[in-house]
Amino acid sequence: MTTIIDGKKLAQEMRQALKIKVDDLRKQGLVPGLVVILVGDNQASHTYVRNKERAALDVGFLSTIVRLDADCSQEDLLSTIREYNQDDKYHGILVQLPLPKQIDTDTILESIDPSKDVDGFHPVNLGRLLQKNEAIVPCTPKGIIAMFEAYDIDLVGKKVVIVGQSTIVGRPMALLCLNRGATVTVCHSRTKNLAQETKAADILIVAVGRLHFIGKEHVKEGAVVIDVGINHDQNGKLKGDVNFDEVAPIASAITPVPGGVGPMTIASLLVQTYENALAKKPSNH
Ligand code: GUN
């Protein structure tokens, strides 16, 4: 029997548990604050940002969205970030990606106070992850690790194959798995004989953003399959990078889309914002 990894349910449980902790923190006079900065009018980004705000309010955070015009200058965005770096009410600053062409993403990510970074994209936090000193780590990979823990999927000695080498998912995912004792392979568009690589995986993680890119010919019998993709099929339905109907029967466990990785990303963002707030508690100094 294939286990369907229920990210929606697990994320709800994490958010319920967090709500109680936030209530407790509020009684001690500290309310976690998250600001999400959105530049331009990318439709998908608008949806993601609204979902993040709703989730943040639901667990009792102070939550603010700052919307800047698509043609805003890099300096406008930098000065907005500076303002929130200095505002003690906010413990998390998230700049939604992608950014418009006139803005240099690396400069923006570096301008966020590393202690207020909730995406884990600041070079200081990525560097700590590389040093096996995990503090603030990217939310999607963090959510996937939480799924492995909840479903008792041990990484020690396992062959993990990751398809996709983005800074948001593939690269940090590789480090988190390596830090937990897995043998890791990262595949990308230049990889030769992809199916040969992916078929060797005990755990296959796919983050390429291409509808049904992975079929049954890519998967070993009994593998764990994690699908990070968010794509729309020709009927506008949300679908992953993995052909679920084809792969589920041969996998030992698999995440659905929707209801798999997506909700875990948001839950991880909330946990990380809470942890940043906790680190600023006076008794912790
Ligand atoms: N765009 C797509 N995924 C993400 C994410 O995890 N964080 C940010 N900031 N932007 C994104």
Side-chain angles (χ1 to χ4, degrees), residues 1-25 32 34 47-48 50-61 63 92 94 118-120 134 136-156 158 160 162 164 168-170 172-177 179-182 201-207 214 222-231 238-242 244 247-248 251-278:
M1 266 295 284
T2 306
T3 301
I4 309 298
I5 299 177
D6 192 344
K8 190 173 173 196
K9 177 158 164 269
L10 187 55
Q12 269 163 3
E13 288 166 7
M14 285 170 68
R15 283 162 60 169
Q16 270 319 108
L18 186 60
K19 224 174 185 167
I20 293 164
K21 290 193 197 171
V22 172
D23 266 356
D24 194 45
L25 204 56
L34 173 68
T47 307
Y48 296 149
R50 258 199 314 275
N51 289 342
K52 286 169 186 173
E53 184 194 33
R54 199 172 306 144
L57 291 172
D58 182 58
V59 292
F61 289 177
S63 176
L94 183 149
V118 272
D119 263 326
E134 296 171 8
I136 298 169
V137 302
C139 297
T140 299
K142 184 181 167 83
I144 293 170
I145 294 292
M147 280 178 158
F148 291 151
E149 288 170 356
Y151 281 81
D152 284 329
I153 296 167
D154 187 23
L155 291 171
V156 178
K158 296 283 172 59
V160 173
I162 298 164
I168 296 181
V169 185
M173 190 77 245
L175 290 166
L176 288 169
C177 291
N179 289 352
R180 284 161 182 73
D202 301 313
I203 299 173
L204 178 62
I205 303 171
V206 189
I214 295 291
V224 172
V225 180
I226 306 294
D227 188 351
V228 184
I230 301 177
N231 312 290
L238 216 55
K239 292 281 163 85
D241 291 349
V242 176
F244 184 90
V247 171
S252 63
I254 187 167
T255 60
V257 177
V261 173
M264 295 300 291
T265 297
I266 294 192
S268 298
L269 168 69
L270 300 175
V271 167
Q272 212 135 245
T273 305
Y274 168 81
E275 285 169 354
N276 286 0
L278 204 59

Task: Flag side-chain contact, heavy atom, 4.5 Å: P32 against V22 - done: yes

Open item on the list: If you count every heavy atom of other residues, nucleotides or ligands that lies below 6.0 Å from K21 atom NZ, does the total exceed 12?
Closed with: no

TODO: Determine whether I254 and D227 make a side-chain contact, defined as any pair of heavy atoms from C-beta on separated by less than 4.5 Å.
DONE: no

Task: Flag side-chain contact, heavy atom, 4.5 Å: N51 against T47 - done: yes

Task: Student check: side-chain heavy atoms of D119 and Q272 closer than 4.5 Å - done: no

TODO: Would you mind reporting whether I5 and I153 have side-chain heavy atoms less than 4.5 Å apart?
DONE: yes

- [ ] Rounded to the nearest 0.5 Å, what's the gap from CE on M264 to CG on D6? Could you check?
- [x] 10.0 Å

Open item on the list: I need the single residue from K8, Q16, R15 that forms a side chain to side chain contact (heavy atoms under 4.5 Å, CB included) with Q12. Which is it?
Closed with: K8

- [ ] Kindly indicate whether the side chain of F61, heavy atoms from C-beta on, has any atom under 4.5 Å from the side chain of L270.
- [x] yes

TODO: Please check if the side chain of D202 supplies one atom and the backbone of A223 the other of a donor-acceptor pair under 3.5 Å.
DONE: no

- [ ] Show your reasoning for whether side chain to side chain contact (heavy atoms under 4.5 Å, CB included) applies to D58 and R54.
- [x] CA-CA 6 Å; D58 182 58; R54 199 172 306 144; 5.8 Å; no

- [ ] Please list, chain by chain and in numerical order, all residues satisfying side-chain contact (heavy atoms from CB on, under 4.5 Å) with T3, sequence neighbours excluded.
- [x] Y151, A253

TODO: Can you sort out the partners of T140 under side-chain contact (heavy atoms from CB on, under 4.5 Å), two or more places apart, ordered by chain and number?
DONE: I144, V169, V228, V261, T265

Open item on the list: Any non-hydrogen side-chain atom of Y48 less than 4.5 Å from a side-chain atom of I230?
Closed with: yes

